[in-house]
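Order of the sequence lines fixes the chain letters, A, B, ..., with proteins taken first and strands second; residue numbering starts at 1 for each chain.
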Protein chains: 4
Amino acid sequence: MKNIKAVICGASGYTGSELLRILAPIPAVDVTALTSEQSAGKEVTALFPHLHTYKGVRFEPLIKEALLDKGDVFFLALPHSASQEAVEFFHSRGKKVIDLSADYRLRNPLVYELWYKINHRFPDALKQAVYGLPELYRDKIRNASLIANPGCYPTTAILALYPALKQKIITTEHIVIDSKSGVSGAGRKSDVAYSFCEIAGGFKAYGVAAHRHTPEIDQELSAIAGSPISVTFTPHLLPIARGMLSTVYAPLKDPGMSLDEVHSIYRDAYQDEPFADVLPLGKYPDIRNVRGTNLCQIGMAAAENGTLIVISAIDNLVKGAAGQAVQNMNIMFGLDETTGLGQLPVVP
Amino acid sequence: MKNIKAVICGASGYTGSELLRILAPIPAVDVTALTSEQSAGKEVTALFPHLHTYKGVRFEPLIKEALLDKGDVFFLALPHSASQEAVEFFHSRGKKVIDLSADYRLRNPLVYELWYKINHRFPDALKQAVYGLPELYRDKIRNASLIANPGCYPTTAILALYPALKQKIITTEHIVIDSKSGVSGAGRKSDVAYSFCEIAGGFKAYGVAAHRHTPEIDQELSAIAGSPISVTFTPHLLPIARGMLSTVYAPLKDPGMSLDEVHSIYRDAYQDEPFADVLPLGKYPDIRNVRGTNLCQIGMAAAENGTLIVISAIDNLVKGAAGQAVQNMNIMFGLDETTGLGQLPVVP
Amino acid sequence: MKNIKAVICGASGYTGSELLRILAPIPAVDVTALTSEQSAGKEVTALFPHLHTYKGVRFEPLIKEALLDKGDVFFLALPHSASQEAVEFFHSRGKKVIDLSADYRLRNPLVYELWYKINHRFPDALKQAVYGLPELYRDKIRNASLIANPGCYPTTAILALYPALKQKIITTEHIVIDSKSGVSGAGRKSDVAYSFCEIAGGFKAYGVAAHRHTPEIDQELSAIAGSPISVTFTPHLLPIARGMLSTVYAPLKDPGMSLDEVHSIYRDAYQDEPFADVLPLGKYPDIRNVRGTNLCQIGMAAAENGTLIVISAIDNLVKGAAGQAVQNMNIMFGLDETTGLGQLPVVP
Amino acid sequence: MKNIKAVICGASGYTGSELLRILAPIPAVDVTALTSEQSAGKEVTALFPHLHTYKGVRFEPLIKEALLDKGDVFFLALPHSASQEAVEFFHSRGKKVIDLSADYRLRNPLVYELWYKINHRFPDALKQAVYGLPELYRDKIRNASLIANPGCYPTTAILALYPALKQKIITTEHIVIDSKSGVSGAGRKSDVAYSFCEIAGGFKAYGVAAHRHTPEIDQELSAIAGSPISVTFTPHLLPIARGMLSTVYAPLKDPGMSLDEVHSIYRDAYQDEPFADVLPLGKYPDIRNVRGTNLCQIGMAAAENGTLIVISAIDNLVKGAAGQAVQNMNIMFGLDETTGLGQLPVVP
């Protein structure tokens, strides 16, 4: 018996197609509508032939009133800024909303305006939004009606630093987050810069000292530390379709602290987490071992100079987007948190 | 008229094949012999079909006495530790030697022994070795008879930091070097860990807090700064065959220093360098734009928190190995420094 | 309640790891033992970190007597020729055996000896082997105790030609099968020829006019046609880890036959097949849409000169090996044929 | 002393950038102007940072009158149909023109109109065009003023079949050409279908039984054979940026003909050709060994059923476009035919 009706707005991007892929085999969920402005009227399989279980299903335009009754939960995978109003519409009418854009992640609307160059028109809704990182906010998520699903880079950065910051074993100046992402992070679009020939065999940094995920990282790390943190964050573009790995550096307060002790702190922090996997010492994550899954794998080491190095890897489209959204849905609706998220990665 | 006879020892690896590729079109150089223990007797084109101008040329075993008269310059692309004795043999008999192994890079034999777990048996030769990074040591190279050709990671790290350290605009604690290398850096070998299926679509760190290039980086940065530096260095493995990019972080002494000023310091430091290319502000290097060339491209930015970010990219087999060796040869023999190194990259 | 005990012999290759991945979530199956000579004693996750649900499980040596009672079904993913005896051992003792090697595929032991250069020592067992291609032999498989699981290339070739040959709409001379395979088809091994650097960015044919899958293809096509067929078969190596696509050419007997008619014949032939998916006219398979799945997708066109072109794509490790083996197991044990094989591909 | 002034029209695509790369180091050639409608006013290095020797050079709009005096030779890398008029303009005013579009390749304007859905407005110019495949038409090229530079697929197909057709050792029915191309063949454009995420890890056929290179192949093969030939041609898209390989099948007239004999015919046909390289028997081409070069490598085998298999590989942007254009220029201007085309491939 299906009992959760899910609507996906903005379903023609990679985040949308991943939501469709992950939700398909969950018996308790029924995808009742999916929208796309550009592809309204087209079949899902015209854009995504791999989603063959959706044969015959079509995208429709986002007509909010018409959709309202179709969903118990609304996944919004709209572009940033386009999401503001749709979120408020469904949420204010009593629906559970999981927003995968950045529109409800930054608690301070002024910071949002600074980085996104537009006003936030719904400060009341913003106040009710819960940052949907279950490892930090599971209890709030359980009772939330509006989830701001975290960005992919922030997910890797925060999970890599949370135990160390909480236990105050690192200094908060000189935190460096060097991140590398697969190309799907840029979305599904016609842009010569993301064409195969411009990416294959290459590797580069982008958005250096200017990426919009920086304030989101700062906000969450500051909340954990209880004091303002301003990180150095550099994203890079890997010549692979999906996966993300962040190498995070922070000076240990006590340079003589043993790595075993650090490792214990991480193990303890995540011992009950189904998707935060602290690897044994000496092992480091590889993107391919989390591809297609909701796992975040974490490894660590310490440099001779007393700098802690933490490495975290996720699938940017799963734990970094659609999978985390489903994890949040599971929590909000009282399902087993791992429902639909247990698949092993396809390797090689 | 050919006037420089070149012998390549250990020519069956990628460093060797790149030496062959680069030397082939140089009229002033004649490759007279090339050795390989495993492939002695085989034709070059059996291993490297792309080197078709070497049709008929065969690898021979490394018999030092037999080779001695065949060369004016000896390129040694032997495994680490295997190079110690061969270097000393040719060098002590009056030949110019360019060693592409790590055996003569670390000035302090105790540091060498610590990291390579063997004694250095030729401390006298070691004293005469010049670290072959032309941007720092061109004058010494001109008169040297023994060159320790730099490692690929150190080349990116040192060129990224040299102007800032020399002008003392950064603090020397908290230097982080986050490096990403193509797979050819691991050499040409039978090892399931480097098989296509184990690498494709993946990305991971390796040698975390333990890579042997760390002391080489520390040595050279300390020499520039005039005080001991211990960096945090993390190498990663990119799913591409060649190319290397390092993202280097260091706190500015004056967090308010303008990026324009930093940029000028870099432009000035490298203005006469044929292969150190400081990009305009706002531009960052991409590995594909240096592939197959001897260029090191450098870009920079500053984080809001006052951390300087410098990004450098090279081809690990060219500026990181064979190309830099030829550049050193050119300097040692009074050729134009760019001889054989002017080819544009093949993009896409 | 687990009721089928499965033993996997030769589980440290990619076929083995795929069997583990596919069997893991099937409630009705319990993997009770897995063997590897080279990796006996090691944990599964040491070789395959992505198979984290097998944490703590170890490979053991193949001691036939010790394994006998552990399994209801034995999957043998041993090298060719090594499989002969193990198959016979388990089979003659009443166990169901699914052999993923080539040892029991060729019905004529003389042909086997010609291509594999060894005798077949168990002609009686050979006679009982059923060729495990469900689309052709489902009824025989249901009652079989020994399955010769088809090769990956033959699976694509046979499924591409079966409807046309059965309906006798093509001539049987001049059949050309041009196949392209991902690198995982070569297995998991230390071999410089399959190292990342030797494969990336390349593409080539191999085994031209000499590949051992040729007699297997000839045998099965001849059986369908009822007359001897000798195909032209050329395999190529794609620079991707997994996936296989064959482009198959055969002259239509009636060059004026409409493509619609041909398409109907294919649709009819496979209408009840869960894993043979005939695409609409105008659509052609892409490897990425079947990756990680047991699907064979088939498209077709006709050249102006009256040649029929059929294109089939599979995942070489799934429908071309482990997935088809599980499909055979499902049939043999009366499970739903799609059990464990319903997962959507992870795209992009 | 520069003595050939070259103008490149349509220089902002990959064919254009390759012309720039190849012409740069040729002392006898001076690139005096390059046009692009979309990028007029932009610097070459803004689009192609790897072409750093063109620093400061800008694209200009294609104003025919203004360009006329700037060139001795005009390379036209315009889209199909856009080239018709520009070719005629420069050619009728006494300039040498090398057209890299398809507009002057098909001798019969009716065939052109059938495949390109537009009229050919300059039948007189068309009559004067020489098909620029030097291995077939070197003498005509030497005296030509208008070259129709061959398509990439036809180059591989014709060079693979020319010796066999000329010596009449194969039947002309049942010729199958199975071709695989890197993505750069689709040009440099914003199109989600050619985005990295839609291509990476995939492989598929396209333009099945409908590709516009078919009539070009038929025309040239028919001319060699002296009788009409209609081939079966299927192009596929490889997940690599550049390179092309065709596997060509044709029944031997005498199925018992020895492969040695066939090989001799090929060796003889191409013995004086600088860029048609017939490999020793048992060796087959790999795209990576011709990447970035003007080489066409050719290998061959015979199936047991008497079908000849010929495999040819080129770089689609070099021998398949810009390199062949430069080869034609060299012939037309009496330069050494290999000028600018001697570079070894960068492998791995």
Contact origin within [X] toward chain B - heavy atom pairs under 4.5 Å:
X      : result
A:V208 : both
A:P285 : backbone
A:E173 : neither
A:F203 : both
A:A210 : neither
A:A241 : neither

For the candidates [options], which exhibits the highest count of non-hydrogen atom pairs separated by less than 4.5 Å from chain A?
options                        : result
B:T232, B:V231, B:I240         : B:T232
B:Y206, B:Y249, B:Y284         : B:Y249
B:I311, B:I199, B:T234         : B:T234
B:G299, B:A303, B:A313, B:G306 : B:A303
B:M300, B:M244, B:R291, B:K180 : B:K180

Could you pull out the closest heavy-atom pair between A:A301 and B:A209, with the gap in Å?
CB-CB, 4.2 Å
Between B:H236 and A:T247, which heavy-atom pair has the shortest distance, and what is it?
NE2-OG1, 2.7 Å
If you measure from CZ on A:F233 to CD1 on B:I309, what distance do you get to the nearest 0.5 Å?
10.5 Å
Just wondering, do B:K204 and A:R288 contact through their side chains at under 4.5 Å, heavy atoms?
no
Under a 4.5 Å cutoff for heavy-atom pairs, which residue among A:N305, A:N289, A:D178, A:V347 has the most contacts with chain B?
A:D178
Can you establish whether the number of heavy atoms outside A:E113 located under 6.0 Å from its atom CD is more than 12?
yes
Are any side-chain N or O atoms of B:D286 and backbone N or O atoms of A:G202, one a donor and one an acceptor, separated by less than 3.5 Å?
no
